[in-house]
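Have a look at the structure below, then the notes.
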Amino acid sequence: MNKQLITLVGTNTQLLIEVGDFAEILYWGNALPTGHVTPTERIALARPVPYGRLDNDVSMTLSPELARGVFSSPGLEGHRGAQDWAPAFVIEQYEQQGDSLTLTSVDSVAGLRLVSEIALDSHDVVKTRHTLTNLKSGLYTVNRLANTLPMPARAQELMTYYGRWVHEFQTERLPLLHGGYVQENRRGRTSHEHYPALVAGTPHFGELQGDVWGFHFAWSGNHRLRVDAKTDGRRYMQAEVIYLPGEINLAENESLTTPWLYASYSGNGLNQMSQQFHRHVRGAILPAEFHQKQRPIHLNTWEGIYFDHDPSYIMSMASQSAQMGVERFIIDDGWFKGRNGDKAGLGDWFLCQEKYPEGLHQVVEHVNQLGMEFGLWFEPEMINKNSDLYRNHPDWLLAVEGYEQPTGRNQYVIDLQNQAAFDYLFERLDHFLSTYNIAYIKWDMNREVVQPGHLGQAAAHAQTQRYYELVDKVRAKHPSVEIESCAAGGGRIDYEVLKRTHRFWASDNNDALERQTIQRGMSYFFPPEVMGSHIGASHCHSTRRRHSIEFRGLTALFGHMGIELDPVAECDEEKQGFERYIELHKTLRPLLHSGTSWRIPTDDQAHLVHAVVSDDQREAVVLLAQLAMPTHALSGHLRIPGLANNTRYRVQVLDKPSNYQDIVNYQPPWTEEGCELSGSWCAEVGLTMPVLDAETAMLIKLEAID
Ligand code: DGJ
């Protein structure tokens, strides 16, 4: 095919793709004023061919092939009984429709077709995936099928993620000079350890400066992410599902489609990248039907009562919650048959008659009469051996016969490819959703997957797909029910699960100090409204630290807010605090859940500052969190980006620590009296930082006055 130059244009960014026998991205960066590229400009991009290598120039294609002389990680690895293992696809046709390009390539020798899709939308988010089809007789075994995107040679630093239970979304910086970075997740869920995203950028890229390319792989199971600096200096990012041995075998005319890889370029650092992803999440990922609804404030019972359920006590918890301004009351784990601890009951999705002798209706009705929605916890994919379900169906485990696999939280996983098991789970969920006025499900998944076997064969990929199918089926029958994705806290947080859910439980760690870092890490790819963020008890259950109600309240404010404790047992002072932050959240949530988020760099690592500016730039809120003791006696200036340069704003402190005046001789007067500043002053000159104790915070509001 004659070479053609295709341009995909977003709002700020552009992709230039050359399509001939194969497709190569020649440019991915800021939008060019003319939009398209002339033949002369194309000449400027022709590469030299150095000695000591293959005699021809070798392109980094959308799916790198060994057969074309690409020595990096190929886009496809597979074989047909040890044949057809080094394919070279030739593009037969392509179609550009609006912001997306679809390329169809065939290798007639290997008998394979590869359809590659790539799009760049108005939010400046690229998405790409491949579909491989076996065109010949004989099973084609796929070992790997990856999405590949190139980056320019100036992408020399990485920001990657690590973490664990109660310590999600931690970030790390690594140089990308020679060789590369590989992250493998084999835990069977998105995982706390290997969140499927990373950022590459120019050296020392920051929140407000540097070129960055952010990547998010939308898949809730095993994955591999790779970023390589090739020996010739070119760089690329690759994302793929890890297929277990023998897992994918395509019969003639059968296809395999990869998950979507999402990516976004920013020439202005991480904030712009996140803003592009946030807009994409709001406009193209989150289920559209809930966009108009304010996100209700939660009371979740877990850390309040754990497995100790008494309906009359729960109803008094609900009454107290309603008085404090809570709008949705959720009964967490412990309500179903045999569930008195974490060793038994999973799978038996029948109301526990001993705990709820009068049934659940009276509780749900009580909650509804108080004006709150009702939510219920499930962990559908799991089973305890100590359950009627297991006693009746020992063959429903996702396991390999002949092996005893290790348990996680004393439980096993149900094989969702087993149709009877799948149907049972759907029937149980459907029963509860049809019988009670349930507005919300907290859908949990508390263990990792070991030996995911179905009829002896590896089934990790299919298990994840069947999980999506189960959620989709529930949603199709009960479209108004909202779902939270939870997996022992933040173990299943990704864009694919968000297409069918509404909120994430970011972490089981409600410690406000830890939450500041967790929520910061999550904010790179997710807007605040999908981040479940609860005020926990003053004595944090996961870290044993104590925090003031102000620090807990302000930290929970910047997400989808809730309370996670027993309100009946709390003192009046605490309750007044909950009421205050609930009220504040209600006032601010239209702004927090629709505006533009900014992570604001400061002069001291001991601060973490986060702002949300309304789309019309008429108002903003800034949260100044003091994580540790200030490094210096004076902490420099708070400079706030994102406001309109020529607009004047009234600056006011909305909330501060109760001992604020007692810890210094004088605090900066603007924190008491407020002041009026222009947007450009805020961005360039800023405000003097106050002195704050470690583990406290201050909330600042800016409102346009002209
Ligand atoms: C893990 C979740 O993250 C918690 O919030 C809670 O729902 C427990 N599971 C219940 O078992």
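Atoms within each ligand, like the ligands themselves, are counted from 1 in listed order. Nothing fancy with the numbering, it's 1 onward along the sequence.
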How far apart are the closest heavy atoms of [X] and [Y], and which atoms are they?
| X | Y | value |
| --- | --- | --- |
| Ser507 | Val166 | OG-CA, 3.7 Å |
| Gln170 | Gly163 | CG-CA, 4.4 Å |
| Phe525 | Leu198 | CZ-O, 4.0 Å |

Closest protein heavy atom (residue, atom, distance) for [atom]:
| atom | value |
| --- | --- |
| atom 9 (N) of ligand 1 | Asp444 OD2, 2.7 Å |
| atom 7 (O) of ligand 1 | Asp332 OD1, 2.7 Å |
| atom 4 (C) of ligand 1 | Asp508 OD1, 3.4 Å |

For [X], the ligand 1 atoms whose distance to one of its heavy atoms is below 4.0 Å:
| X | value |
| --- | --- |
| Asn446 | 1 (C), 9 (N) |
| Asp333 | 10 (C), 11 (O) |
| Gly489 | 3 (O) |
| Cys486 | 2 (C), 3 (O) |
| Trp505 | 3 (O), 5 (O) |
| Ala488 | 1 (C), 3 (O) |

**Asked** N/O to N/O below 3.5 Å, does that happen between Arg339 and ligand 1?
**Response** no
**Prompt:** Relative to the ring of Tyr495, is the ring of His216 parallel (under 30°), tilted (30 to 60°) or perpendicular (over 60°)?
**Reply:** parallel
**Request:** Show your working on side chain to side chain contact (heavy atoms under 4.5 Å, CB included) between Asp655 and Glu550 and close with a plain yes or no.
**Result:** CA-CA 8 Å; Asp655 201 70; Glu550 292 92 11; 4.2 Å; yes
**Request:** Pick one of side chain, backbone, both or neither for how Glu303 approaches ligand 1, counting any non-hydrogen atom pair under 4.0 Å.
**Result:** neither
**Prompt:** What part of Lys442, side chain from CB on, backbone N/CA/C/O, both or neither, has a heavy atom under 4.0 Å from ligand 1?
**Reply:** side chain
**Prompt:** Taking the six-membered ring for Trp, are Trp396 and Phe422 ring centroids under 6.0 Å apart?
**Reply:** no
**Request:** Please state whether Arg409 comes within less than 4.0 angstrom of ligand 1, counting heavy atoms only.
**Result:** yes
**Option set Trp302, Phe378, Trp165, criterion heavy-atom distance to atom 8 (C) of ligand 1, minimum** = Trp302
**Asked** Have Tyr524 and Thr171 got a donor and an acceptor in their side chains that come within less than 3.5 Å?
**Response** no
**Item:** Arg466 bridged to Glu469 by N-O distance under 4.0 Å
**Value:** yes
**Message:** Using the rule given for side chain to side chain contact (heavy atoms under 4.5 Å, CB included), can you reason through His560 versus Met531, listing the C-alpha separation, both sets of side-chain angles and the distance that settles it, and then say yes or no?
**Reply:** CA-CA 6 Å; His560 176 182; Met531 190 162 63; over 6 Å; no
